[in-house]
Every structure is written in structure tokens, then in C-alpha cells.
Amino acid sequence: MSDRIFGAIGLLLAALFAYSSMIIEESFLSDAVGPKAFPLIIAAILAISSLTIFLKPDAAPKWPALPRFVELVASIVVMVLYAEFLPIVGFVIATAVASAYLTWRLGTSAIQSVVVGISISVGIYVIFHLLFGLSLAKGPLGF
């Protein structure tokens, strides 16, 4: 039963995501695909996955134990905080902190997590901002 509830919630989220992508206003300067294509693709993938879960539920699903469930909730909180702090502290700092925490929770040591977090953040910044010229959120340090 829990799989069907999860599938139904996923279908609802897919419908809401598709609706919100349809109200995106298109500029006359947009490309041939437009800004709606990527969100609609994500909504379609979510809908197909949720429908599969809804129609073919697991006979005996295994829910994670309480400590693992708390870790999952903490990871979701970190991603929400990442989205909230991104415009305030900037891409480099927010990404470094979020990726350091997530890699730490995946089992690396604290020092390794900090090194990996900074490396991921700087690497993505170099590729997307410096090489591709995409605009990323600037922080108090100007990058």
C-alpha cells in the first residue's frame, strides 16, 4: 500500500510540475526548443516512474530504519537550504558546503569531504562559468 501512496504522490507532483512549466512565459528570443522542454521532460519521467510504482507495487517493501531515515531527511534539508542560501552566499560557497556534507554522509572522512566539496564547487564553477560563460549566483566574494 505504501508504494501506491508513493506512486500517487509522485503522479501528483509530476502533474504540478508539468502545470508550472506550462505557465513559463516564452521570450521571442528563445531557441527552437524553448524553456518549457526540459521541465516537461522531467515531469514526464517522474510521471512514468510514479505510474510504474503505482501499478507494480513491491509486495513487501522494506522501509529504512530510523537512523537511515533521519539521514535521508537531513539530506533533503541540506538540499533545501542549498537552494535558499544559493543567492545569498553564492554558487561556490553553497555548493562547497552542500557537497561536503553529502559526501561526508556517504562515508568519507571530514577532511576528505571538505576537499571533495571544494573541488566539486570550483570544478563546476570553472566549467560552467569560465568555460561555458553561464551565469552562476555570485556571493559576497564576487564569484
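Positions are given from 1, in the same order as the sequence printed here.
- Hydrophobic cluster membership is shared by Ile88 and Leu86, with clusters built from Ile, Leu, Val, Met, Phe, Trp and Tyr side chains linked at under 4.5 angstrom.
- Taken together through direct or relayed side-chain contacts under 4.5 Å among Ile, Leu, Val, Met, Phe, Trp and Tyr, Leu13 and Ile48 form parts of separate hydrophobic clusters.
- In the hydrophobic cluster analysis, where Ile, Leu, Val, Met, Phe, Trp and Tyr join through side-chain heavy atoms closer than 4.5 angstrom, Leu12 is grouped apart from Leu40.
- Residue Ile76 is not grouped with residue Val78 when hydrophobic side chains (ILVMFWY) are merged at heavy-atom distances under 4.5 angstrom, including chains of intermediate members.
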Under the side-chain contact (heavy atoms from CB on, under 4.5 Å) criterion, do Val97 and Tyr101 qualify, and how do the steps go? CA-CA 6 Å; Val97 171; Tyr101 173 79; 5.7 Å; no
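- Under a 3.5 Å cut-off, the side chain of Ser20 and the backbone N or O of Leu16 do form a donor-acceptor pair.
- Put simply, the side chain of Val126 reaches to within 4.5 Å of the side chain of Val122, judged on heavy atoms.
- Hydrophobic clustering of Ile, Leu, Val, Met, Phe, Trp and Tyr side chains at less than 4.5 Å, counting indirect connections, unites Ile120 with Ile127.
- Closest heavy-atom contact between Pro64 and Leu72: CG-CD1, 4.1 Å.
- Remark: Leu141 CG is packed, more than 12 non-hydrogen atoms of other residues, nucleotides or ligands lying under 6.0 Å away.
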Hey, mind stepping through Ser99 and Val116 against side-chain contact (heavy atoms from CB on, under 4.5 Å) and telling me if it holds? CA-CA 8 Å; Ser99 53; Val116 168; 6.0 Å; no
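- In terms of heavy-atom proximity, Thr108 sits nearest to Ser113 at OG1-OG, 2.5 Å.
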Apply side-chain contact (heavy atoms from CB on, under 4.5 Å) to residues Phe91 and Ile124 and explain how you reach the verdict. CA-CA 9 Å; Phe91 177 81; Ile124 292 172; 3.3 Å; yes
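- The two residues His129 and Leu134 make their nearest non-hydrogen contact at ND1-O, 2.8 Å.
- For the 3.5 Å distance criterion, the side chains of Tyr82 and Thr95 qualify, holding a donor opposite an acceptor.
- Atom CZ of Phe38 sits about 4.0 Å away from atom CD1 of Ile42, to the nearest 0.5 Å.
- Counting all heavy atoms, side chain and backbone alike, Ala14 lies closest to Ala43 at CB-O, 3.5 Å.
- If you run side-chain contact (heavy atoms from CB on, under 4.5 Å) between Ser50 and each of Leu11, Ile45, Ile9, Leu55, only Leu11 comes through.
- Taking OG of Ser121 as the start and CG of Leu136 as the end, the distance is 9.5 Å to the nearest 0.5 Å.
- Few gaps surround CD on Glu71; more than 12 heavy atoms of other groups in view lie less than 6.0 Å from it.
- Here the closest heavy-atom approach between residue Ala8 and residue Phe54 is recorded as N-CD1, 4.0 Å.
- Smallest separation of non-hydrogen atoms from Lys36 and Ser21: CG-O, 3.3 Å.
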